[in-house]
Amino acid sequence: MSTVAPPVGNAAGASGPGGSGSGSSGAGDSPDGSERNTGATGRSTFGSVIARVPRAVWPLVAFLVLFGIGGIIRPNLITVDALIGTATFAIILAIASFGQTIAVIQAGIDLSVPNTIGFSALAFLTLVGPLGPFGAFVAALLAGAVIGFLNGIVIAKLGLTPIVTTIAMNGLLFGVILLAFNFSELTVTPDFVIAMTSAKISVLGLSMPAVLPLGLGLMLVLQLVLSFTGWGRSLFVVGSAAETARLAGLPVDRIRVVGYMLSGGLAAFAGIVIVGYYQQASATMGASYLLSSVAAVVVGGASIFGGRGSVVGTVGGALVLAQVSTLVAVLNLGANIQQLIYGVIILLVISLYGRRRA
Amino acid sequence: MSAVSPSTAPAWSRWWNASGVTRLRREGAVAPVLAFVVFFVVYVIINPALLTRFQLQTAANLVVPLVLVALAQLVIVLVGGIDISIGAIMSLANVVFAVQLETMPVPVAILLSIGVGLGCGLFNGFLVAYGGLPAIAVTLASAFIFGSLAREVLDAPGGGVTKEIYLATSGELLPYLPVSLVWLAVIAVLLWLLLQRTSLGRHIYGVGSNMESVRAAGLNAKLTKLLAFGLAGVLTSLGAMMLASSTVTGDPRSGDPYLLSSIAAVALAGAVFTGGRGSIIGTILAACTLGLIGNLLFFARVNSYWQYVISALIIVAVVGIPVVWRKVAFRVKGNRS
């Protein structure tokens, strides 16, 4: 514990100026930092440079600091293989958290992620027989999108709170999982999913599991969608000021529903990836992603009140959490301490930039 | 309605107000109370044996921990927060109680467990009230911390809960009445008195419904929030002890299922998640309904896995119908105000 606490403190210290800097640069800064170069006049050069750094960079910086500290403790940790190992663990958590990121950006939350993961994974394995691998893949993604659609309709049209709606959906899905699937038959993972996730492939001469480039590619696509499409930009507007967006003529309900559909579809994709990588499925396979998906999003710099966040940040958040678990494993501290450090990191992150904007 | 003076109001109106129906309606608790009545009648028709001593006691022991945790979640929701760490606090208080019983006298173990719940609640409350941090993020972090502490205290089910403690809290101490219901009634009445008859209770409702007015009126909103979180922690630890006693074991993961179901019960009770509105009796009955659906299906010879589907549908129906009703009424009548 005492050997790991300083690294955490250092990581937070490194991101400290950024947190306070971006906080004081006003509420108008955009999530990807592209509009920050106004209004930084009359401040020290260092401060203005720091304030212009996109928020998504800070989790990555924190990860690099933690990675370096790991190397100081155990020099054999600074190897490409160790990096790939941590990154693989992180990218799976990140894929499970991409949908959560989109839900949080639009000022919602998706607590149905765990059982959406389980449902889509089990539906995929069940449908591989009748539909073939590709048909089952498409059907499972569609199932996730339908789950998200139902969430979105209830939240946007009925006006129930996202927390209540998605908890109810999570419970409903758990019942459906227990009722609908015959677990004893679900043991064979199709080859193409293994090829997509756990099979070792060579990228630039480095051997890594296929899920790593897959996840990074998905991150890239999602970030481009969020940053450069009209729907992506409007998602941030809806998240930070829904009423204003409505008055400005944005189709707020439709943007919300599409956001939850994407969230559900991404959770379904995560379910298939998890089945492919670990090659096992169970009714509760998604349970650990309930809190950790929100944790990755929060550590990645998203605001829990909406309007701010990025999938690049979420990958950074997942990398920080994964590196912590690597360090904990290397130092033999036990899984409990890992959870404790997760909690402390989240507390540090929200105390740096988690306050409600005035 | 309350502006009408008693002398001019018709008799039915006075009865209506005096029986608390108006308050139930204002707190959004009519739907969950009706839902419970329907549920209870169906239950007794399907399984009249519920009213026998053994079954009533089993059912009471099953729901009392959930009811207490739901009341804790209600107090947090009343001040406009939400507690993601409530399951972890429950696990921690549960294992502390069970472990302390191995070496300490019972009252000390009870006090330590309550102290743990209070401490966890104050930790959350301090960061939320005085740190200005969002409750959902703070309690997400503390869920990890408290959960890991619980597994440090006791890493597998065990502890020293004795048969005598089971008898005193969940067993056949009284001739007919399940004793866990008596404890629940005592706690619920005390909580009701605290929330409805003391200034702290009025402040808790006030902070949730209009923070700015409370501050302008010179009340200490931050202290009120802190105390609300502490109160919720104490209620959670009471639920944890009832759970440990009725299962005769301490379990570091026993609180986990209570996170989502406590929020579901509070939602079903008609509480508003932006704060200020929520009913104690509604929460108790909502938690009873949700907790007993699995039992009802068992006696109706339906696959009890349906309980998850039915609970979700009940929540969406009971919470959603008033919203739809209001929208339809708005369309039909137009905006008259």
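Proteins come first, then strands; the chains are lettered A, B, ... in the order of their sequence lines, and each starts at number 1.
With values rounded to the nearest 0.5 angstrom, Gln338(A) atom CD is found 10.0 Å from Leu327(A) atom CG.
The 12-atom threshold is exceeded at CZ of Phe299(B), counting heavy atoms of other residues, nucleotides or ligands nearer than 6.0 Å.
Using non-hydrogen atoms only and a strict 4.5 Å limit, the part of residues 253-268 of chain B facing chain A consists of Leu259(B), Leu260(B), Ile263(B), Ala264(B), Ala267(B).
Taking the centre of each ring, Phe119(A) and Phe181(A) come in below the 6.0 Å mark.
Both the backbone and the side chain of Leu291(A) come within less than 4.5 Å of a heavy atom of chain B. Looking at Ile163(A), the atoms closer than 4.5 Å to chain B (heavy atoms on both sides) all sit in the side chain, from C-beta outward. Of the two parts of Leu178(A), the backbone and the side chain both hold a non-hydrogen atom closer than 4.5 Å to a non-hydrogen atom of chain B. Both the backbone and the side chain of Ile145(B) come within less than 4.5 Å of a heavy atom of chain A. Neither the backbone nor the side chain of Ile310(B) comes within contact range of chain A, judged by heavy atoms closer than 4.5 Å. Looking at Ala143(B), the atoms closer than 4.5 Å to chain A (heavy atoms on both sides) all sit in the side chain, from C-beta outward. With a 4.5 Å cut-off on non-hydrogen atoms, Ile82(B) touches chain A through its side chain but not through its backbone.
For Ser263(A) (side chain) and Gly99(A) (main-chain N/O), a donor-acceptor pair under 3.5 Å exists by modelled atom type. Thr139(B) contributes a side-chain N or O that, together with a main-chain N or O of Ile84(B), makes up a donor-acceptor pair within less than 3.5 Å. The closest donor-acceptor contact from the side chain of Gln73(B) to the backbone of Asp83(B) lies under 3.5 Å.
Ranked by non-hydrogen atom pairs under 4.5 Å with chain B, the options Thr165(A), Val294(A), Ile177(A) are led by Val294(A). The most heavy-atom pairs under 4.5 Å with chain A, out of Ala137(B), Ser142(B), Gly320(B), come from Ala137(B). The candidate with the highest count of non-hydrogen atom pairs below 4.5 Å against chain A, out of Phe273(B), Phe146(B), Tyr305(B), is Tyr305(B). Of the listed residues (Leu127(B), Ile315(B), Leu140(B)), the greatest number of heavy-atom pairs within a distance under 4.5 Å of chain A belongs to Leu140(B). Per-residue heavy-atom pair counts under 4.5 Å with chain B were compared for Leu179(A), Leu172(A), Ile167(A), and the maximum is reached by Leu179(A).
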Check your understanding: So Ser97(A) and Thr314(A), side-chain hydrogen bond (donor to acceptor under 3.5 Å, both in side chains) or not? Walk me through it.
Key -> CA-CA 7 Å; Ser97(A) 311; Thr314(A) 298; over 6 Å; no

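Screening residues 308-321 of chain B for side chain to side chain donor-acceptor pair (under 3.5 Å) gives no qualifying pairs among residues at least two apart or on separate chains.
Two residues are said to be in side-chain contact when any heavy atoms from C-beta on lie closer than 4.5 Å; Tyr289(A) and Gln100(A) fail this criterion. Between Phe98(A) and Ile102(A) there is no side-chain heavy-atom pair separated by less than 4.5 Å.
Residue Gln307(B) forms a side chain to side chain contact (heavy atoms under 4.5 Å, CB included) with just one option from Leu296(B), Ile293(B), Val302(B), Leu290(B), and that option is Ile293(B).
Across every non-hydrogen atom of Ile89(B) and Gly117(B), the tightest pair is CG2-CA, 4.2 Å.
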